[in-house]
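Remarks on the structure that follows.
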Amino acid sequence: MKKMRKALACTLTASVVLSLAACGSSEQGGSSSDTTQAAAGETTKAAETEGGQAQAEAPSGEKVTVTFWDENAGDERTEYYMQIIEDFEAENPDIHIEYLGLSSGDALSKYQTAIAAGETPDVGGLNNSWAATVIGQEHCVAFDDMFAAWEDSGNIEEGYMEMCRTYHKDGKIYMMPTSANFMTLWINDTMFADAGLEAPKTWDEFFEDVEKLTDKDNGQYGYTIRGGSASPAVLIDFIYSYLGTNEVFDANGKTTINCDEAVSFLERYLGLYGEYTPESDITAGYKEISANFDSGVSAMFTHNLGSYGSHVTAFGGTEGFSAHPYPTADNGKYVNYGGALTGLCMFDTCENQEAAWRWITYMCGHDANSYWNESIGQLPVNKSCYEDEWMKDKQHIQCAIETTSMDNCITYTSPSYLPEWGTINSTYIEPGIQSVMSGDMTAKELLDMWAEYLNEAYANYMAN
């Protein structure tokens, strides 16, 4: 791991002089849900073994190949993986990791195609917003026995493991978490200071600030809305933050997403489009809204901790921007999205599960988990990392820790555990959001449609 630390030190030095960019989560997502980094084109690390196939038992002197898909590839993120893979292979000379980088927007469809064809990788990265969709197709390996036997299992944050157990109705572990995230309101400190404003603490202040910070004649907007890829995962976070509740479904199994307060919020929020946000927002994904913020087109945008690196790059250092929690609801509650995890699964086509498990647990071990999350600007899942010096020095990390420790903070989990979640969002809700933004659908019509699909999916989930 000395090489890993040396490489990180060089990278962090370069971030001030030449710029550093890190990934997003997960759309977050990272999720969420996008959690995450601007998607890059697919990249590969060529296999060193003939045929590039994992072998159940490699002949003496030959390496076993473990195929690994990164669900959210990007230039810097791939570089970090290359460093970790190099160190892993040095410590495990009998294993070769064959890396394939997928763009975040295409990853789910790539997995679904691979599952249908029986051509899945040995290990795959999963984003919380659609992890249950992949796991629900019954081709992932349960980790419970392996996890129980792993000597470092006690260092993995139990709350994250419990979240992973929700991805399948049987309550088993099919994903090992590698990063946790925090949904963040990023603000341009200079724009706010010039306007005599502070980061909004309430939703009313948020809407007021968006209007005050907009100067269309000079190409400046108060905010940028994610209307394209992964927009539903972001929007549901906003709705429940505004409502001040973590109850997505009531006691009768019906969602609260289309209540009157939610409709009023959505009318106001999507009503910002075109007047106080760029017109290009209607199809904007993470890459576009992040670029709007980084270039000074918008004074605020929402994403997660994972976009920190791109801001360091754009602002030429760590000054000029800052991370803040979502506004507090009228009832005084701050609603924290508790499911912003990314992690690794193993598919049942894997012929050498022991080798694949070694790679997965390596990513969850202290050194790799600390390096990875420091590099991409997210939260480690290994508790032994919490005392690392880098966690004490980052404003955005401290914002997440301090906010989630507040007495008025409640945690909610989006319905991402529903197997139909990803399909509902991409097929119906994302185009529905765009229809509301264009004026072809009302906010109530969108939320009523969303509620209908969620209620049906939840009923199916509870029945099976």
Side-chain angles (χ1 to χ4, degrees), residues 21 23-42 71-74 102-112 127-130 133 181 183-186 210 221-239 266-267 269-295 297-298 300-304 306-307 310-311 337 340 342 414 416 421-443 445-447 449-450 453:
C23 83
S25 129
S26 342
E27 322 281 306
Q28 359 87 347
S31 349
S32 94
S33 17
D34 175 331
T35 84
T36 112
Q37 165 81 14
E42 297 183 2
E71 86 290 351
N72 185 19
L102 307 177
S103 69
S104 60
D106 295 336
L108 177 57
S109 64
K110 294 284 188 181
Y111 278 123
Q112 291 175 322
N127 183 301
N128 173 78
S129 63
W130 43 260
T133 302
N181 224 322
M183 302 312 296
T184 308
L185 178 65
W186 294 99
V210 170
Y221 297 88
Y223 187 70
T224 178
I225 292 176
R226 187 168 186 164
S229 174
S231 54
V234 175
L235 186 57
I236 195 171
D237 293 345
F238 266 38
I239 289 172
L266 193 58
E267 290 173 343
Y269 177 65
L270 293 184
L272 297 172
Y273 170 65
E275 184 67 25
Y276 303 104
T277 79
E279 291 186 5
S280 59
D281 281 356
I282 194 167
T283 57
Y286 164 73
K287 182 178 181 180
E288 291 77 22
I289 61 173
S290 182
N292 285 339
F293 179 76
D294 288 341
S295 63
V297 170
S298 64
M300 290 186 283
F301 98 117
T302 49
H303 189 242
N304 55 51
S307 58
S310 70
H311 309 327
Y337 176 40
T342 54
S414 79
S416 59
W421 171 250
T423 301
I424 290 171
N425 287 347
S426 61
T427 305
Y428 305 106
I429 308 308
E430 183 179 314
I433 291 172
Q434 295 170 348
S435 293
V436 176
M437 293 172 74
S438 65
D440 295 329
M441 178 183 287
T442 68
E445 288 171 340
L446 171 63
L447 292 182
M449 176 177 67
W450 205 349
Y453 283 114

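What you see is a predicted model, and the numbers here were worked out from it, not measured in a lab.
- A distance of 10.0 Å separates CG of Asn304 from OH of Tyr337, quoted to the nearest 0.5 Å.
- Of all the heavy atoms in Ala284 and Ile289, the pair that sits closest is CB-CG2, 3.8 Å.
- The structure places CG of Leu235 at 9.5 Å from CD1 of Ile429, a figure rounded to the nearest 0.5 Å.
- Outside the 6.0 Å centre-distance limit, the rings of Tyr223 and Phe301 are not counted as a close aromatic pair.
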Task: Steps toward side-chain contact (heavy atoms from CB on, under 4.5 Å) verdict (Leu102, Asp106) - done: CA-CA 7 Å; Leu102 307 177; Asp106 295 336; 5.9 Å; no

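- Annotation: the span from Tyr273 atom OH to Ile433 atom CD1 amounts to 13.5 Å, rounded to 0.5 Å.
- Here Asn128 contributes atom CG and Ser414 contributes atom OG; the two are 6.0 Å apart, rounded to the nearest 0.5 Å.
- For Trp130 and Tyr111, the ring centers are positioned less than 6.0 Å apart.
- Side-chain atoms of Thr302 and Phe238, non-hydrogen and from C-beta on, do get closer than 4.5 Å to each other.
- More than 12 heavy atoms of other residues, nucleotides or ligands sit less than 6.0 Å from atom CD of Glu267.
- The nearest pair of heavy atoms linking Glu71 to Ala107 is O-CB, 3.5 Å.
- When the options Asn292, Leu185, Thr224, Thr277 are evaluated for a side-chain contact (heavy atoms from CB on, under 4.5 Å) with Met300, the one that passes is Leu185.
- Interatomic distance, NZ of Lys287 versus OG of Ser307, reported as 15.5 Å (0.5 Å rounding).
- In this structure, Trp186 has its ring center under 6.0 Å from that of His311.
- Nearest heavy atoms, Met183 versus His303: CE-O, 3.2 Å.
- At a cut-off of 3.5 Å, with distance as the only test, no side-chain donor of Trp421 or Thr133 sits close to an acceptor on the other residue.
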